[in-house]
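The next block holds one structure in the form of structure tokens; read it before the comments.
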Amino acid sequence: MGKNASVTLSNKEPNLFTNRVFRAIIFSGLFLQIGIWVRNFAVLLFVMEQTNGDAFAISMISVAEFAPIFIFSFIGGTFADRWSPKKTMVWCDILSAVSVFAVLIALIFGSWKVVFFATLISAILSQFSQPSGMKLFKMHLPESQIQTGMSVYQTVFAVFMVLGPILGTFAFQSFGINISIAITGLAFLLSAGALAFLPKDRKLDEGTAKTTLWQEMKSGVSYVLRKKELSLLGLCFLAAGLGLGFIQPLSIFLVTEQLGLPKENLQWLFMVNGIGMILGGAGVMIFAKKVAPQRLLAFGMLVNAIGLAVMGLSTNLWITLSAEFFNGLMLPCIQIGINTLILQRTEGEFIGRVNGILSPLFTGSMVLTMSAAGVLKEQFSLVAIFETAAFFFIIGMFFILPLYNQKMETKSLETQSQE
């Protein structure tokens, strides 16, 4: 054990980018983001074109994207804990590519409506793939590098928040729906190719295979309830989701009603938010080893609450843009803080199930208030709704405060996995 511990300590020092697992996951993430954004915008613009902007048809794209999170997230997370992570991720990417090419063939020879399945099937498969990626972070990254690794990973997502819509729109306008769908399929195959460079999966314990799926799902729920940190994190997820759901559909009205500007100016809010996210992700990368994840999360929630409150009250474009920038700047603190806490406070064999329980809490609460936002806007002012959203972020921050001064757990799975 002494030798193993010293080996683990010495392995913490090398540069993160020399870690082949980390490089493979980042390159896979890059290809996936290209495929997802080209698909999302090509499908959106194509459906708008085919239906003359029918609101119901367009809303079905969001249903295809979010419904699998409710239905498959926990099941996918449980299977991710049972299956080998590398094999799971590679096969999910290959099956996503196959499904996309099948949709392309159907699109050429059949109805245009099959285009919804391009989003639906890959969204389902991502519920199995994503928790497996988190397991790989836990298994192959030293504890001291997990937060930095998550920072880089989230920065990739932030960059595509800015570049993705441009890339997707360019692909559709230049090449049309068929080539855009083909690009998506190719990007998924390239992601699978990047993951092929991962080291071989370790054999699963025989004891794990003997338990049933239902037993593992139950043990996942009891594990989250038993761990105070994870329960508090779930409540924080719930509050943040409720807050975000209020404002997500109403940002356009912030521009047209509160600021009195044409709706096209909404793009500046998105752009400023995206730039803030990129800078925030880079900032967390630099300070990752100095700031505990729970402090990052609490600080991010507080600043986002202030930002939302200011946006709701502001009638000046520059004040609103500044608040939006700080919201974007702090969003990586929230995302990286949450993911790092999950990885640090969860044993490796429960990563998939914990992720599968917490993700639907956030998405479910967000969709709940999203669906009510339009009705509430008819009854209350836009200011009141934004201030309510800010209040939910404050509540979320209070759930994290009991963890604020907690020292990082250093019970690493690495030592267990080397035994």
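What you are looking at is a predicted structure, and each value in this text was computed from that prediction instead of being measured.
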Just do the side-chain contact (heavy atoms from CB on, under 4.5 Å) check on Met277 and Leu329 with the steps written out, would you? CA-CA 5 Å; Met277 282 179 69; Leu329 196 67; over 6 Å; no
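Ser99 OG to Leu104 CG: the interatomic distance, rounded to the nearest 0.5 Å, is 11.5 Å. Residue Ile25 holds its CD1 atom at 10.5 Å from CE of Met134, rounded to the nearest 0.5 Å. In this structure, CG on Asn265 lies 9.0 Å from CG on Leu321, to the nearest 0.5 angstrom. Distance CZ/Arg23 to OG1/Thr18: 7.0 Å, rounded to 0.5 Å. Phe160 contributes atom CZ, which lies 9.5 Å from atom CD1 of Ile36 (distance to the nearest 0.5 angstrom). The distance from atom CG of Leu230 to atom CG of Leu225, rounded to the nearest 0.5 Å, is 10.0 Å.
At a threshold of 4.5 Å between non-hydrogen side-chain atoms, the residues Thr346 and Tyr223 count as touching. By the 4.5 Å heavy-atom criterion applied to side chains, Leu120 and Phe116 are not counted as neighbours. At least one side-chain heavy atom of Asp93 sits under 4.5 Å from a side-chain heavy atom of Leu32. Put simply, the side chain of Glu229 does not reach to within 4.5 Å of the side chain of Leu341, judged on heavy atoms.
Counted within 6.0 Å of CZ on Phe101, heavy atoms from surrounding residues, nucleotides or ligands total more than 12; the atom is thus considered enclosed. Around CZ of Phe326, the count of heavy atoms belonging to other residues, nucleotides or ligands within 6.0 Å does not exceed 12. The 12-atom threshold is exceeded at CE of Met397, counting heavy atoms of other residues, nucleotides or ligands nearer than 6.0 Å. No more than 12 heavy atoms of other residues, nucleotides or ligands sit less than 6.0 Å from atom CZ of Phe27.
Note: Tyr153 and Phe22 fail the aromatic proximity criterion, with ring centroids not under 6.0 Å apart.
A donor-acceptor contact shorter than 3.5 Å links the side chain of Asn304 to the backbone of Gly300. Looking only at distances, no side-chain donor or acceptor of Thr363 sits under 3.5 Å from a matching main-chain atom of Pro360. Judged by distance alone, with hydrogens and angles left aside, the side-chain atoms of Ser126 form a donor-acceptor pair with the main-chain N or O of Ala123 at under 3.5 Å. With Ser251 contributing its side chain and Leu266 its backbone, the two residues share no donor-acceptor pair below 3.5 Å. Judged by distance alone, with hydrogens and angles left aside, the side-chain atoms of Lys135 form a donor-acceptor pair with the main-chain N or O of Gly348 at under 3.5 Å. Listed for the Ser365 side chain is a donor-acceptor partner under 3.5 Å among the backbone atoms of Leu361. Of the possible donor and acceptor atoms, one in the side chain of Gln294 sits under 3.5 Å from a partner among the backbone N and O of Leu403. For the pair Thr119 (side chain) and Val115 (backbone), a donor-acceptor distance under 3.5 Å is absent. Distance alone, capped at 3.5 Å, places no donor-acceptor pair between the Ser174 side chain and the Ala171 backbone. A donor-acceptor contact shorter than 3.5 Å is absent between the side chain of Lys138 and the backbone of Glu347.
A side-chain donor-acceptor contact under 3.5 Å links Thr320 and Ser314.
Here the closest heavy-atom approach between residue His140 and residue Pro199 is recorded as CE1-CG, 3.9 Å. Residues Phe137 and Ile146 come closest through the heavy atom pair O-CG1, 4.4 Å.
Of the residues listed (Ile183, Val162, Ile34), the one engaging Leu167 in a side-chain contact (heavy atoms from CB on, under 4.5 Å) is Ile34, and it is the only one.
By the 30° and 60° cut-offs, the orientation of the rings of Trp83 relative to Phe128 is parallel.
Sorted by first and then second residue, the salt bridge (charged side-chain N to carboxylate O under 4.0 Å, His left out) pairs with a member in residues 351-377 read Asp81-Arg353, Glu257-Lys377; sequence neighbours excluded. Pairs passing the ring-ring contact (aromatic ring centres under 6.0 Å, His included) check and including a residue from residues 266-286, sequence neighbours excluded, do not occur.
Judged as a side-chain contact (heavy atoms from CB on, under 4.5 Å), and not counting sequence neighbours, the contacts of Thr184 are Val38, Arg39, Val100, Phe188.
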